Number of protein chains: 2
Amino acid sequence: MARVLRPYRRGVAVAQVERSGSAQRVLDVALALFTEHGFDGTSLQQIADRLGVTKAAVYYHFRSKDDLLAALVDPAFAELEDLLSRTEALPRGAARQKCALSEFVDYLLRHREAAAWMSRDAAALTRPAVWERAQGTQRRLEALAAPGEDDPLSRLWGGAITQALAGAVLAQPHADEDWLRTEVAELSAHLLSGYRAARRRQG
Amino acid sequence: MARVLRPYRRGVAVAQVERSGSAQRVLDVALALFTEHGFDGTSLQQIADRLGVTKAAVYYHFRSKDDLLAALVDPAFAELEDLLSRTEALPRGAARQKCALSEFVDYLLRHREAAAWMSRDAAALTRPAVWERAQGTQRRLEALAAPGEDDPLSRLWGGAITQALAGAVLAQPHADEDWLRTEVAELSAHLLSGYRAARRRQG
DNA sequence: GTCTATAGCGCGATAGAC
DNA sequence: GTCTATCGCGCTATAGAC
């Protein structure tokens with residue numbers, strides 16, 4: 001499919017580079033421990049211990065444990081939100097719709113391990129900092145995937161299409177990336193044709 | 001679609017009826033508070049307070065807070081697992097596949113509010129008692145939805161189909177149930193035809 | 001601006017009396 | 001079957017050293 005958007009430029013690195021060295025070290029250690037023991041299974045004490053400082057030192061850089069998590073996932077969310085904004089800026093139509101899906105799939109594939117980790121560490125997902133932000137992007141993506149006047153039919157297909165794509169990618173932790181991209185593109189096209197047919201049926 | 005399975009008989013009531021009156025009162029109060037403040041947002045102290053007893057009294061009936069949650073969701077899981085078992089017992093083929101999906105959709109519709117609550121209260125979803133059991137049912141459903149030799153293609157479509165159906169139902173908290181059932185049945189058929197086409201493509 | 005020391009508080013959980 | 005008492009732990013908060 002033709003790529004309508006400019007390639008992504010800002011992103012993962014940005015938000016972290018602006019931090020002090022100490023804060024960045026906290027983030028690195030926290031990420032390592034979270035991936036190893038999970039969010040709930042990692043205490044601020046453990047993070048502080050591995051850094052060789054006290055809990056209060058960690059607390060100086062981040063107001064709370066949730067704040068730390070939010071900082072960790074911010075770059076990935078910023079990337080997705082940026083992608084959504086640029087897609088929403090395109091003129092409405094079938095091209096924008098297809099573009100949204102293919103960009104979303106690329107995004108998922110780019111962050112495959114991270115997404116797989118997140119969907120495994122449900123404790124982290126559950127925190128408001130992550131959960132509520134995810135709700136927002138989810139809504140916007142649904143609206144792009146199944147445009148309409150917020151009617152039941154478009155909401156139904158919005159939910160179906162976005163969940164199907166995410167489910168397809170995440171059900172495949174080890175499949176070859178190019179094969180996956182091709183197959184999911186087929187799935188994507190199939191879903192879009194289904195939505196068009198449903199719209200014609202209902203008018 | 002023809003209903004191949006016998007109607008469900010055991011279920012929600014069973015696990016709760018076998019309990020003592022006190023234990024049942026604990027479950028009732030816990031459910032009320034969980035739905036109101038979420039799982040994490042509800043302490044055993046609050047549960048005990050509303051019951052007019054102490055935390056320790058609650059602990060007599062349930063070994064842990066997770067145990068309480070497990071008891072709450074057990075009936076719904078038992079129903080789903082029973083449904084899966086009976087479907088798996090059918091001879092392999094397109095009929096079983098269609099049956100699995102329509103039974104699953106009915107199940108989702110039957111427990112719409114509960115499912116919506118669960119997918120909102122991420123903290124409850126995350127507990128091992130719920131999460132791991134859900135993983136199991138998810139796997140079995142995927143296998144029924146996209147049968148195959150555990151190859152990448154069937155796993156991809158298994159994830160896509162099941163997530164699409166759940167996404168479609170859950171994206172519609174207030175839509176009319178019959179309309180929803182009809183539309184989701186269309187979606188279901190569309191997805192199955194997509195899977196068949198993908199299989200033909202790949203051989 | 002960066003950290004240490006220390007304390008508070010609520011939580012889930014347990015032991016044992018009645 | 002229910003209670004009192006208590007434990008240990010985790011996040012949070014503040015005062016103040018450097």
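Lettering follows sequence order; numbering is per chain, from 1. What you see is a predicted model, and the numbers here were worked out from it, not measured in a lab.
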Expected output: side-chain Gln97(B) to main-chain Ala145(B) donor-acceptor under 3.5 Å: yes
Here the distance between atom C1' of dA5(D) and atom CD of Gln45(B), to the nearest Å, is 13 Å
What parts of residues 53-63 of chain B reach DNA chain D, counting only heavy atoms under 4.0 Å away? Val53(B), Thr54(B), Ala56(B), Ala57(B), Tyr60(B), His61(B)
Just by modelled atom types, is the Val29(A) backbone N or O under 3.5 Å from a matching donor or acceptor in the Arg50(A) side chain? no
Please report the distance, rounded to the nearest Å, between CG in Asp49(A) and C1' in dG10(D). 13 Å
Are the side chain of Asp67(B) and the backbone of Arg63(B) linked by a donor-acceptor contact shorter than 3.5 Å? yes
Name of the residue among Val184(B), Leu141(B), Val169(B) meeting side chain to side chain contact (heavy atoms under 4.5 Å, CB included) with Phe104(B): Leu141(B)
Starting from P on dG1(C), measure out to CZ on Arg25(A) and report it in whole angstrom. 19 Å
Atom CD of Gln46(B) and atom C1' of dG12(C) are separated, to the nearest Å, by 14 Å
List the steps and the verdict of side chain to side chain contact (heavy atoms under 4.5 Å, CB included) for Val58(A) and Leu68(A). CA-CA 9 Å; Val58(A) 175; Leu68(A) 211 171; 4.3 Å; yes
Main chain of Ile161(A), side chain of Tyr195(A): is a donor-acceptor contact present, judged purely on distance under 3.5 Å? no
When Arg139(A), Arg86(A), Arg133(A) are each screened for salt bridge (Lys or Arg N to Asp or Glu O under 4.0 Å) with Glu81(A), the one that passes is Arg133(A)
Please tell me which of the listed nucleotides, dG12(C), dC11(D), dT2(C), lies nearest to the side chain of Ser20(A)? dT2(C)
Let me know the distance between CZ of Phe39(A) and C1' of dC11(D), rounded to the nearest Å. 10 Å
If only side-chain N and O atoms of Ser22(A) are considered, is one of them under 4.0 Å from the OP1 or OP2 phosphate oxygen of dC3(C)? yes
Heavy atoms, side chains only, cut-off 4.5 Å: are Asp66(B) and Phe39(B) in contact? yes
In this structure, how many angstroms lie between the C1' atom of dG12(C) and the CZ atom of Arg127(B), rounded? 10 Å
Would you kindly give the CG-to-P distance between Leu68(A) and dC11(D), to the nearest whole Å? 11 Å
May I have the distance from Ile47(B) (atom CD1) to dG10(C) (atom C1'), rounded to whole angstrom? 15 Å
Axis bend over the full length of the helix from dG1(C)-dC18(D) to dC18(C)-dG1(D), computed from five pairs that close each end, to 10 degrees: 0°
Has the side chain of Arg112(A) got a donor or acceptor atom that lies under 3.5 Å from a matching backbone atom of Pro173(A)? yes
